[in-house]
Amino acid sequence: MHLSPPVPLLLGLLLLQGVLRPLRGDLVFIPSVIRMSGPVVSASLVGGTEDVTVYLTQLRDEMGLLPVPTCGELNNETGDWSLTVTPTVVRPENSLEVTVRLKRDLQSCSSNGTDPFLEAPCIVQALLVSAFHNTSCSAHLLIHVEIYANSSLGQNASENVTVVPNQVYQPLGPCPCNLTAGACDIRCCCDQECSSDLTALFRESCFPGVFGGDVNPPFDQLCSIQMSHGVPDWFPFLCVQLANSPFLGYFYHGSISSGHQVSFDIYLHTDLKDFSDFGYKQGDPVMTVDKAYFTIPQVSLAGQCLYNAPVAFLQNFDVQCVTSLEEYLERDGITSAKIKNGAMGGIVTPKVIYEEATDLDRFITNTETLLSTGPAPRNVNVEEHYIFRWNNNTISEINVRIIRAEINAQQKGIMTQRFTVKFLSYNSGNEQEWSGNPGYQLGKPVRALSTNGTNNVTTLHLWYPAGRSLCSTATRKPILFGENVLSGCLLEVGINENCTKLRENAVELLDSLVQVTHVAMRGNSDYNDLSDGWLEIIRVDALGAGADPPDSNVSGICLDVPAQLNIRILFSDAGAVEGMTQQEILGVETRFSSVTWQFQCGLTCEDKADLFPIGASVQFIKIPAQLPHPLTRFQINFTEYDCNRNEVCWPQLLYPLTQYYRGEPYSQCVAKSLLLVSFIILAVFLSNPWIRIHKA
């Protein structure tokens with residue numbers, strides 16, 4: 001008895017024939033074997049296509065084995081199939097496109113159009129397409145047809161709008177692993193299109209977690225879950241039944257919302273989008289009346305200076321840009337700029353104040369000595385400070401302070417420029433802005449005050465060195481909440497420096513960073529009320545309580561010289577306002593670290609100034625808002641009552657009435673509990689045994 005070869009061997013032979021035949025110039029179908037799952041399939045007939053006739057024949061598919069494709073008589077038994085042959089666009093004389101199409105409708109396969117996915121295919125047939133040159137068979141194409149009734153290719157697309165459920169009560173995607181419409185997704189146990197028999201094949205390998213449909217994981221105290229083994233049926237005595245999920249409420253309520261497309265080419269597009277007439281929002285670029293961005297140099301993420309970067313509304317910054325004096329170009333006049341204030345037709349003109357720089361060494365380095373004065377000198381801006389006054393979503397006032405320096409027109413060197421932008425409320429005075437309301441915001445200055453009345457400093461500072469990084473020319477910047485930083489400068493010291501004087505100078509420089517006595521716990525503490533959350537700074541002296549340490553008898557060496565100021569700030573979460581976590585400062589400590597200074601000599605110790613580095617560090621330490629409760633002796637000795645180690649947890653016996661239940665406010669739980677107790681007492685009083693006892 002002759003048996004057909006298995007499918008893999010047949011496919012291999014056909015592919016081998018399909019590869020070798022084009023080498024001889026014969027006719028060949030590409031591909032030579034097709035597995036058809038839809039109503040239409042196409043293949044190409046390549047070779048000498050003149051005087052070629054193509055026929056379609058249905059083959060008998062017995063016992064799931066494909067028959068051997070052989071060219072028989074010239075026939076065209078199409079049945080439910082149609083055959084179309086058309087020349088191809090590319091080289092039509094040597095290539096034909098052969099298309100086989102199902103003539104009947106797939107809807108007739110199923111008695112009910114709403115039937116779920118069927119495991120058995122609707123149509124299983126074997127088709128043979130033969131190409132005859134004159135009367136001899138030159139090529140054949142074998143098509144294995146396996147079409148399902150509910151295949152998406154065979155059904156008409158529905159024009160009904162998808163009904164989105166109310167996400168307050170039902171998650172938008174209860175089965176994320178259901179990726180194929182009208183078919184069963186393997187390992188997706190929540191797919192409703194999978195029958196019970198098909199799901200049983202992969203039930204032990206279902207996708208876990210949210211992707212597998214576990215969007216509402218149960219917990220131990222849920223009444224509807226099955227208790228674990230070893231737990232008595234009476235535990236817990238009270239349970240909770242609720243329909244809740246962490247994925248509820250994260251989506252829009254059933255209606256289609258047009259997405260807000262973010263434009264990443266906002267700074268490069270020539271047609272700028274200007275919505276400033278309807279008010280600014282945080283992050284919107286500040287616009288001018290010429291429909292252009294109001295730009296101030298800023299530093300990019302790569303560290304480069306962008307000289308045409310737009311100013312964003314309510315976004316403060318403080319940057320430095322380094323440029324060569326030969327490449328320096330004066331920016332357009334700020335005094336003539338007309339800026340939109342955010343209201344229809346409103347215009348704000350900046351108020352500019354010019355100041356002269358006193359020390360050019362702070363801003364210009366690597367200068368070259370000029371032998372002749374040359375042309376007239378020129379002015380360069382070394383610092384620009386902008387203060388924007390805002391009122392709701394408008395800009396009410398702009399104040400600019402420019403520090404400029406006069407240099408030679410041909411002077412060469414490296415100049416360090418500083419640009420600052422600060423947005424202040426229109427009713428804030430002396431530039432004292434809140435750092436939060438009530439808690440601190442990240443990146444806002446730490447508020448401080450001095451009770452001795454000798455200065456008006458309102459914050460802690462760090463050095464902001466420039467030029468040669470000398471302490472005598474370094475400026476200061478405020479300490480920002482939540483930012484750990486290191487800062488320092490260089491102090492000039494000679495070989496014959498007096499050690500006592502060196503210590504005093506170092507302490508004086510370090511103390512100049514903390515010229516306050518109190519810091520604010522909150523970002524909105526009142527400067528005029530010391531009892532409104534002001535904490536005294538804990539200071540640890542640089543030296544001991546006794547006399548100064550003994551000086552060394554060797555010149556150029558000093559012991560215990562304060563060189564580092566360590567500022568530690570303790571903070572914690574102090575609650576939430578409208579869902580936003582509020583943070584407050586719990587304490588501030590300053591401590592000095594001392595080193596032994598030694599003059600650095602080269603080949604010979606010359607009497608010239610040496611550079612002694614001193615620095616300051618700020619560290620923010622977050623501590624828990626509430627310390628964990630220590631374990632009691634009962635909890636230590638009787639571990640069987642530990643809820644994390646045992647199935648039976650006695651503290652959670654009355655779970656809805658305990659502190660472990662967070663589904664409702666505790667006051668509501670107590671009210672419901674009292675109501676339940678009253679019902680029980682009323683039922684006891686109205687019961688027959690109680691009435692009989694009362695009559696007796």
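If you're wondering where the values come from, they're calculated on a predicted model, not measured in any experiment.
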Kindly give the heavy-atom pair with the smallest separation between [X] and [Y], and that separation in Å.
X	Y	value
Ala43	Ile34	CB-CD1, 3.9 Å
Pro285	Pro310	CB-CB, 4.2 Å
Gly212	Cys190	O-SG, 3.5 Å
Leu306	Ser300	CD1-CB, 3.8 Å
Asp191	Cys175	N-SG, 3.7 Å
Ile395	Ile398	CG2-CG1, 3.9 Å

For the CD atom on Gln304, are there more than 12 heavy atoms of other groups (residues, nucleotides or ligands in this structure) within a distance under 6.0 Å? no

Give every residue pair that meets the ring pair (Phe, Tyr, Trp, His ring centres under 6.0 Å) criterion with at least one member in residues 295-316, sequence neighbours excluded. Tyr280-Phe313, Phe313-Phe423

Side-chain donor/acceptor of Glu97 to backbone N/O of Pro87, under 3.5 Å: no

Tell me whether Thr394 contacts the main-chain N or O of Asn391 through its side chain, where contact means a donor paired with an acceptor under 3.5 Å. yes

So, do [X] and [Y] sit near enough that their side-chain heavy atoms are less than 4.5 Å apart?
X	Y	answer
Gln298	Val421	no
Glu330	Asn381	yes
Ile347	Asn341	no
Phe317	Lys422	no
Phe294	Lys340	no
Pro350	Ile339	yes
Leu128	Ile143	no
Val129	Phe29	yes

Salt bridge check, Lys622 against Asp573: does any charged N sit closer than 4.0 Å to a carboxylate O? yes

Does Arg35 have any salt bridge (Lys or Arg N to Asp or Glu O under 4.0 Å) partners at least two apart in sequence or in another chain, and if so, which? Glu146

Aromatic rings Tyr386 and Phe388: how do their planes relate, parallel, tilted or perpendicular, breaks at 30° and 60°? parallel

Could you grab the distance from atom [atom1] of [X] to atom [atom2] of [Y], nearest 0.5 Å is fine?
X	Y	atom1	atom2	answer
Cys206	Ile186	SG	CD1	11.0 Å
Leu102	Gln125	CG	CD	8.0 Å
Asn178	Gln192	CG	CD	8.5 Å
Met415	Leu325	CE	CG	5.5 Å
Cys189	Asp185	SG	CG	11.0 Å
Leu141	Leu127	CG	CG	9.0 Å

Is the SG-SG separation for the cysteine pair Cys188 and Cys194 below 2.5 Å? no

Kindly determine whether Thr99 and Val41 satisfy side chain to side chain contact (heavy atoms under 4.5 Å, CB included), including the steps that lead there. CA-CA 6 Å; Thr99 303; Val41 72; over 6 Å; no

Under a 3.5 Å threshold, yes or no: a donor from one side chain and an acceptor from the other, between Ser44 and Ser95? no

Does Leu480 have any side-chain contact (heavy atoms from CB on, under 4.5 Å) partners at least two apart in sequence or in another chain, and if so, which? Pro445, Pro478, Glu483

Starting from the C-alpha separation in whole Å, work towards a yes-or-no answer on side chain to side chain contact (heavy atoms under 4.5 Å, CB included) for Gln417 and Gln320. CA-CA 5 Å; Gln417 293 178 289; Gln320 281 187 336; over 6 Å; no

Would you please test Arg418 and Thr420 for side chain to side chain contact (heavy atoms under 4.5 Å, CB included) and show each step? CA-CA 7 Å; Arg418 183 183 179 187; Thr420 64; 3.7 Å; yes

Going through the distances and angles, do Phe202 and Cys184 end up as a side chain to side chain contact (heavy atoms under 4.5 Å, CB included)? CA-CA 12 Å; Phe202 51 82; Cys184 176; 4.2 Å; yes

When you measure from the centre of the six-membered ring of Phe207, is the NZ or CZ of Arg187 under 6.0 Å away and within 45° of the axis? yes

